[in-house]
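Everything on this sheet refers to the single structure shown next.
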Amino acid sequence: MTSATIVLFSNTLRLADNVALLTAVDAGDPIIPVYVFDEQSPKVRPLGAASKWWLLQSLGSLQNDLRKRGSDLVIRTGNTVGVIGALASETGAGHVFLTRGYTPGARVIEQSLHEVLADRNIGCRRFGGHLLLEPEMVRTKVGGIYTVFTPFWRTASELIDTIEPQAAPDHILAPKVWPKSKAIRSLGLEPKPSIWADPIAQHWQPGEAAAHDRLVDFLEGSVQTYKQARDFPATDATSALSPHLTFGEISPRTLWFEAKKHMAANSATSTGGAHFLRELGWREFSAHLLFNFPEMQTEPMRKQFAKFPWGMGKTDHVRAWQKGMTGFPIVDAGMRQLWQTGWMHNRVRMVVASFLVKDLLWHWRDGEAWFWDTLVDADFANNIASWQWVAGCGADASPYFRIFNPTTQGEKFDAGGGYVRRFVPELAALPDKYIHNPSEAPADILEMAGVKLGHTYPNPIIDRKLARERALAALSSIKQL
Ligand SMILES: Cc1cc2nc3c(=O)[nH]c(=O)nc-3n(C[C@H](O)[C@H](O)[C@H](O)COP(=O)(O)OP(=O)(O)OC[C@H]3O[C@@H](n4cnc5c(N)ncnc54)[C@H](O)[C@@H]3O)c2cc1C
């Protein structure tokens with residue numbers, strides 16, 4: 001009698017190009033697809049509220065896709081190693097297949113799962129698929145670890161094969177008896193209050209089919225202008241594929257292959273396509289850094305920043321930042337975009353992050369935690385590496401003394417004010433000249449635009465000149481140590 005194979009879905013909520021699943025299908029044994037909602041294993045970081053909302057939808061979509069192929073998704077909760085061990089005993093499964101994870105939590109789980117199953121003669125196989133390359137593959141000529149993006153990507157991009165991703169299987173052999181499953185709704189993933197998720201739901205369609213549709217739309221549309229337009233938040237010129245990648249609803253190899261195919265067939269997409277692929281390189285680089293330097297989740301990559309006087313900021317300032325009420329329009333537009341859509345444009349992420357860690361002198365870990373809770377694309381490695389990059393303490397970071405001026409950033413990247421008008425509607429009637437600097441507008445202009453500073457829109461919460469001086473003084477304090 002053939003024993004079943006458990007296929008564990010964790011960071012790979014898809015059927016296409018899911019090598020763990022496809023290898024199990026090829027082996028011909030019955031398959032038990034499982035998702036374990038695990039908030040108990042050591043080093044596992046509980047998901048933020050926006051990620052939970054996404055997961056709720058994505059699991060529903062995966063379960064439907066599995067059911068259409070004669071299968072199902074078994075949902076369990078608890079410590080993954082214990083749950084999978086118990087499920088293997090219950091079902092007599094002979095193998096467990098999974099897609100490899102790279103976070104500290106995933107690594108601990110996979111190591112102990114392997115040991116526990118090996119003791120019981122149950123085969124445990126891990127497959128790649130969440131990244132383009134396994135982090136162990138990219139090394140300097142002398143076997144060292146890259147900490148600077150450009151040489152990393154020069155080496156890494158040469159190692160990536162343009163292999164055609166595999167299609168989803170048509171049929172998945174079911175076990176004779178299905179083990180018991182919890183209902184997805186019982187996992188407690190619904191946001192509280194539920195009304196918070198309504199605008200987010202209008203912006204996104206989680207799930208594998210939607211991820212593929214989004215890729216097709218991007219490659220047939222905005223990829224052509226991606227290089228020039230990607231820094232301008234009013235244009236929606238980027239792919240918005242990040243949450244789909246975070247939850248593994250589409251493989252990075254599919255993005256790589258499809259973008260290359262488009263670039264070969266249509267020369268108008270070659271520049272934008274190449275730039276897009278380079279951005280995927282930053283995702284690889286962040287994962288590579290976290291894998292090799294797991295301490296970076298809390299400690300600065302540049303050791304001298306361990307003594308940096310973060311945390312001198314005021315509590316009412318961080319509240320104003322979270323709510324998008326700082327009096328700096330581009331910062332407020334970004335923080336409100338985050339609140340309303342669970343996502344924020346990359347250029348604006350850099351501006352709001354710089355504002356928090358440099359102008360307000362809050363710790364980058366506080367900003368990282370807020371993003372972790374509110375982003376639908378919250379990604380352990382990308383989020384930590386990006387916050388450290390902005391804070392100046394990351395591996396290949398922007399120098400600390402380069403402090404973004406939110407007003408000039410707004411004037412440069414949102415010159416027509418379209419982005420601010422969309423998310424800060426109380427400023428919409430201001431002329432372009434003052435849309436990024438309402439506190440400089442003459443009284444009659446403010447009146448005509450219906451803006452009452454301090455009433456309809458806040459005055460700037462800080463004096464930027466003083467804030468900049470304070471930030472630079474904080475930097476000198478660690479230089480003298
Ligand atoms: C402070 C801060 C926090 C961030 N937190 C996250 C996070 O939690 N999750 C996350 O996925 N990205 C994060 N980023 C990176 C980046 O902002 C997003 O990946 C990007 O905005 C997603 O939009 P997109 O899919 O339209 O990107 P596109 O421009 O279409 O890029 C395609 C893909 O490349 C990857 N990518 C693009 N830029 C970066 C980058 N700078 N670093 C790493 N990967 C990148 C993403 O997977 C993205 O989906 C953060 C950036 C900053 C400055």
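Counting starts at 1 for both ligands and their atoms, in listed order. Atoms considered below: every heavy atom in the structure, side chains included; atoms not considered: hydrogens, waters and symmetry mates.
- For the residue pair Tyr419/Gln337, the side-chain donor-acceptor check at 3.5 Å is satisfied.
- Residue Trp282 places no N or O, backbone or side chain, under 3.5 Å from any N or O of ligand 1.
- Residue Leu280 approaches ligand 1 through these ligand atoms, each under 4.0 Å from one of its heavy atoms: 33 (C), 34 (O).
- Neither the backbone nor the side chain of Phe218 comes within contact range of ligand 1; no heavy atom lies under 4.0 Å.
- Ranking the protein heavy atoms by distance from atom 6 (C) of ligand 1 puts Arg349 NH1, 3.3 Å first.
- Checking only distances, Asn383 does come within under 3.5 Å of ligand 1, N or O to N or O.
- Aromatic pair Trp387/Phe371: centroids less than 6.0 angstrom apart.
- The Leu245 neighbourhood of ligand 1 comprises atoms 47 (O), 49 (O), with distances under 4.0 Å to a heavy atom of that residue.
- No side-chain donor from either of Glu158 and Trp153 sits under 3.5 Å from a side-chain acceptor of the other.
- Two rings, from Phe285 and Phe149, have their centers less than 6.0 Å apart.
- Heavy-atom proximity to Ala378, at under 4.0 Å, picks out these atoms of ligand 1: 8 (O).
- Neither the backbone nor the side chain of Phe285 has any atom closer than 4.0 Å to an atom of ligand 1 (non-hydrogen atoms only).
- Within the 4.0 Å heavy-atom criterion, both parts of Asp379, backbone and side chain, lie near ligand 1.
- The protein non-hydrogen atom at the shortest distance from atom 50 (C) of ligand 1 is Ser386 OG, 3.4 Å.
- For ligand 1, none of its N or O atoms has an N or O atom of His345 under 3.5 Å away.
- Counting protein heavy atoms only, atom 30 (O) of ligand 1 is closest to Ser239 OG, 2.6 Å.
- From the protein, the heavy atom lying nearest to atom 23 (O) of ligand 1 is Trp343 CZ2, 3.3 Å.
- In terms of protein heavy atoms, atom 11 (O) of ligand 1 is closest to Asn382 ND2, 3.0 Å.
- Taking the centre of each ring, Trp321 and Phe355 stay at or above the 6.0 Å mark.
- Compare Ala237, Pro233, Ser242 by their heavy atoms: the one nearest to atom 25 (O) of ligand 1 is in Ser242.
- Salt bridge annotation for Arg349-Asp377: present, with a cationic side-chain nitrogen under 4.0 angstrom from a carboxylate oxygen.
- The closest protein non-hydrogen atom to atom 1 (C) of ligand 1 is Trp387 NE1, 3.5 Å.
- If you look at Phe380 and Tyr102, their ring centroids are not closer than 6.0 Å.
- By heavy-atom distance, the residue among Glu368, Arg347, Glu279, His244 lying nearest atom 36 (N) of ligand 1 is Glu279.
- Donor-acceptor pairing under 3.5 Å is lacking for the side chains of Thr374 and Trp339.
- Annotation: Leu241 places an N or O atom under 3.5 Å from an N or O atom of ligand 1; distance criterion only.
- Distances below 4.0 Å separate heavy atoms of Arg283 from the following atoms of ligand 1: 43 (C), 44 (N), 47 (O).
- Close approach of ligand 1 to Ala240 (heavy-atom distance below 4.0 Å) involves ligand atoms 24 (P), 25 (O), 26 (O).
- When the shell of 6.0 Å around CD of Gln205 is examined, it contains 12 or fewer heavy atoms from other residues, nucleotides or ligands.
- At a heavy-atom cutoff of 4.0 Å, ligand 1 is contacted by the side chain of Phe276 but not by its backbone.
- Each of His130, Gln166, Arg14 was evaluated against Ser251; a single residue qualifies, Arg14, per the side-chain contact (heavy atoms from CB on, under 4.5 Å) test.
- Checked by atom type, the side-chain pair Glu368/Asn383 shows a donor-acceptor distance below 3.5 Å.
- In this structure, Met335 CE and Ile330 CD1 are separated by 13.0 Å, a value rounded to the nearest 0.5 Å.
- Near Met350, the atoms of ligand 1 lying under 4.0 angstrom from a non-hydrogen atom of the residue are 53 (C).
- Distance check: Met137 CE to Glu284 CD gives 10.0 Å after rounding to the nearest 0.5 Å.
- Counting heavy atoms closer than 4.0 Å to ligand 1, residue Tyr226 contributes side-chain atoms (C-beta onward) but none from N, CA, C or O.
- Of the candidates Asn346, Val351, Asp377, Leu356, Asn346 brings a heavy atom nearest to atom 21 (O) of ligand 1.
- Between His244 and Trp204, the ring planes lie perpendicular to each other; the angle is over 60°, past the 30° to 60° tilted range.
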